[in-house]
Amino acid sequence: MIVAERKPFDEIKSMVKDCKKVFTVGCSTCVAVCLAGGEKEVGILNSELEIARNADGNPIEIGTATLQRQCDTEFLLELKGKIEDYDAIISMACGAGIQFLAEHYPDIPVFPAVDTTSIGINKDVGVYEERCRACGTCVLGMTGGICPVTMCAKGLYNGPCGGTNLGSCEINKDQACAWFKIHERLVKQDRLQNIMDVTPPNDWRNQIPRTTIQPAYKERCEEQKA
Amino acid sequence: MKSGSNLEKVLTNGHFAFTGELGPPRGANIEAIKEKAKFLKGNVDMVNITDNQTAMVRMSSWAAAMIVQELGIEPNYQMVCRDRNRLAMQADILGAYAHGLRNILCLSGDHQQFGDHPQAKGVYDIDSMQLIGMVKKMRDEGKFLGGAEIDTPPKFFIGGAANPFAEPIEWRVHRLAKKVAAGVDFIQTQCVFNMDTMRKWVHMANDMGLTDKVYILPGVTPMKSVGMAKYMKSKVPGMDVPDEIIKRLQGVDKKKVADEGIKIACEQIEEFKEMKGIPGVHLMAIEWEHMVPEIAERAGVLPRPVL
Ligand code: SF4
Ligand code: SF4
């Protein structure tokens, strides 16, 4: 899932300091699972804002909706007719959702209430760890299912470097060395041969904005363009 | 000859090589370079010029290398993957060669988090293994990494690093084999303190035929103090300092600790002179350049061959 964390309250408050009426939009998918921007977090943020603005003697009017997914036109259209009168929208979705919302309602300022941090996994209640940087050329098959781009601090393709410290990464004792683990797992699976050859320089495919079209829809896309 | 560098000549002529190290200043201070260089001149075959070591900003390694070269010492131009992408690397390699540099050491580099700009974006477009392959391609095929022809290819003697002491230990010789396959000509190792592990690693490299294909120069660092030994043991990632070394330094009179450190280093060098598959050593007298003449003398590696 996409992992995010809520921005500090003062930062959000200052973004909407000139607004009298704001509309807060949550998202029920990734950011809800990671407890950053679902319906519950929307409610908390709204109350915090109301209390703080009342205390300042500058009350704020807040409207609210939590969509199934903010990264999908179908759900974004549910906001039509509800938000046009507001001074600003606060979005609690990931960076993609926030942008798509802003794209659909370009006349209203949109402010992010979360910092999107990673593509990660649910490690424990409330604990999320990054696992993928969306490099566009997945090498997990070679590396025993451990991502060298994300989990190695230097993103090495031919690790481990000389800094491995008793299985930890050189950057910090609590961070496992990805390449130590890759080696360990490949030995267990008897697949060490996988990393015996030099991996050539990577073809970085995440340097320009990417569009993904599934094969079955290619034709339809081309027709629409024409 | 691949490059015609002094180091290459020393090694191909079968002399026991002795190389040194010089860290560029944290500023544009040429005098600081000259001051360090005067202790190295004539006492080593080549001097490594470090590239923003420990991720601290310093004078660029190619610039400091050129100054050192003008002083009559052959530099080993270090390049790390942390600070530049493949475009900048290839451009610098061409420029360095055009200015007469002939040795290059290809490294990953310490993570930026250690240095004085921990906020920096690490580049790591390619890794040290791929950098070795790129310099070789430029030299032997006369082509850029992207495939285009180079007008006057740079002919470098290509170096790499190896750490026989980092986990997983059993993988280390395979990693060396990968560097050889990538095209490395010489290897300088992490500082050696654990001679047992070192012997085993060299033995495996001999068995795999690697020492016929690459010149391995073990890193030798004399301990200046008990504090330094303890610091290296506990604080420097990938460093293996056995307790015996610390005990031996603790066992001598306080005034004699540095001397004992040099003694240990010289004993190591003596052993390396006899070790099969080891054609020289790399002396890393960190911020102790003024001791290099004495260490070289006591290690019995003077005079250096003039070729
Ligand atoms: S290699 Fe790593 S960053 Fe790239 S797609 Fe696979 S998991 Fe993601
Ligand atoms: S210690 Fe391991 S994880 Fe850390 S940078 Fe080196 S190879 Fe990567």
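Protein chains get the first letters and strands the later ones, always in sequence-line order, with residue 1 at the start of each.
The part of B/Leu145 that comes within reach of chain A is its side chain, from C-beta onward, which places non-hydrogen atoms under 4.5 angstrom from that chain. Heavy atoms of A/Pro200 lying under 4.5 Å from chain B belong exclusively to its backbone. Of the two parts of B/Asp125, the backbone and the side chain both hold a non-hydrogen atom closer than 4.5 Å to a non-hydrogen atom of chain A.
Annotation: maximal heavy-atom pairing with chain A below 4.5 Å, among B/Ile126, B/Asp127, B/Asp110, occurs at B/Asp127. Interface remark: of the candidates A/Ile195, A/Leu156, A/Thr199, A/Asn165, A/Ile195 forms the most heavy-atom pairs closer than 4.5 Å to chain B. Each of A/Cys169, A/Pro201, A/Gly159, A/Cys161 has some count of heavy-atom pairs under 4.5 Å with chain B, and the biggest count is that of A/Pro201. Of the listed residues (B/Gln113, B/Met129, B/Arg175), the one with the most heavy-atom contacts under 4.5 Å to chain A is B/Arg175.
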Exercise. Test B/Phe156 against B/Met138 for side-chain contact (heavy atoms from CB on, under 4.5 Å), laying out the working first.
Key: CA-CA 9 Å; B/Phe156 276 98; B/Met138 293 174 83; over 6 Å; no
Practice problem: Go through the steps for B/Val123 and B/Cys81 under the test side-chain contact (heavy atoms from CB on, under 4.5 Å), then give the verdict. | Solution: CA-CA 7 Å; B/Val123 180; B/Cys81 300; over 6 Å; no
Practice problem: Would you please test B/Arg199 and B/Asp196 for salt bridge (charged side-chain N to carboxylate O under 4.0 Å, His left out) and show each step? | Solution: CA-CA 5 Å; B/Arg199 282 183 208 110; B/Asp196 267 345; 2.9 Å; yes
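Looking only at distances, a side-chain donor or acceptor of B/Thr221 sits under 3.5 Å from a matching main-chain atom of B/Met284.
Between A/Lys154 and A/Glu170 there is a salt bridge, since at least one side-chain N of the basic residue sits less than 4.0 Å from a carboxylate O of the acidic one. Between A/Asp56 and A/Arg53 there is no salt bridge, since no side-chain N of the basic residue sits under 4.0 Å from a carboxylate O of the acidic one. Under a 4.0 Å N-O distance rule, the pair B/Asp185/B/Lys136 does not qualify as a salt bridge.
Using non-hydrogen atoms only and a strict 4.5 Å limit, the part of residues 160-174 of chain B facing chain A consists of B/Asn163, B/Ala166, B/Glu167, B/Pro168, B/Glu170, B/Trp171, B/Arg172, B/His174.
Side chains of B/Phe186 and B/Leu105 form a contact here, defined as non-hydrogen atoms less than 4.5 Å apart.
Among all heavy-atom pairs drawn from A/Met92 and A/Val114, the shortest one is O-CG1, 3.7 Å.
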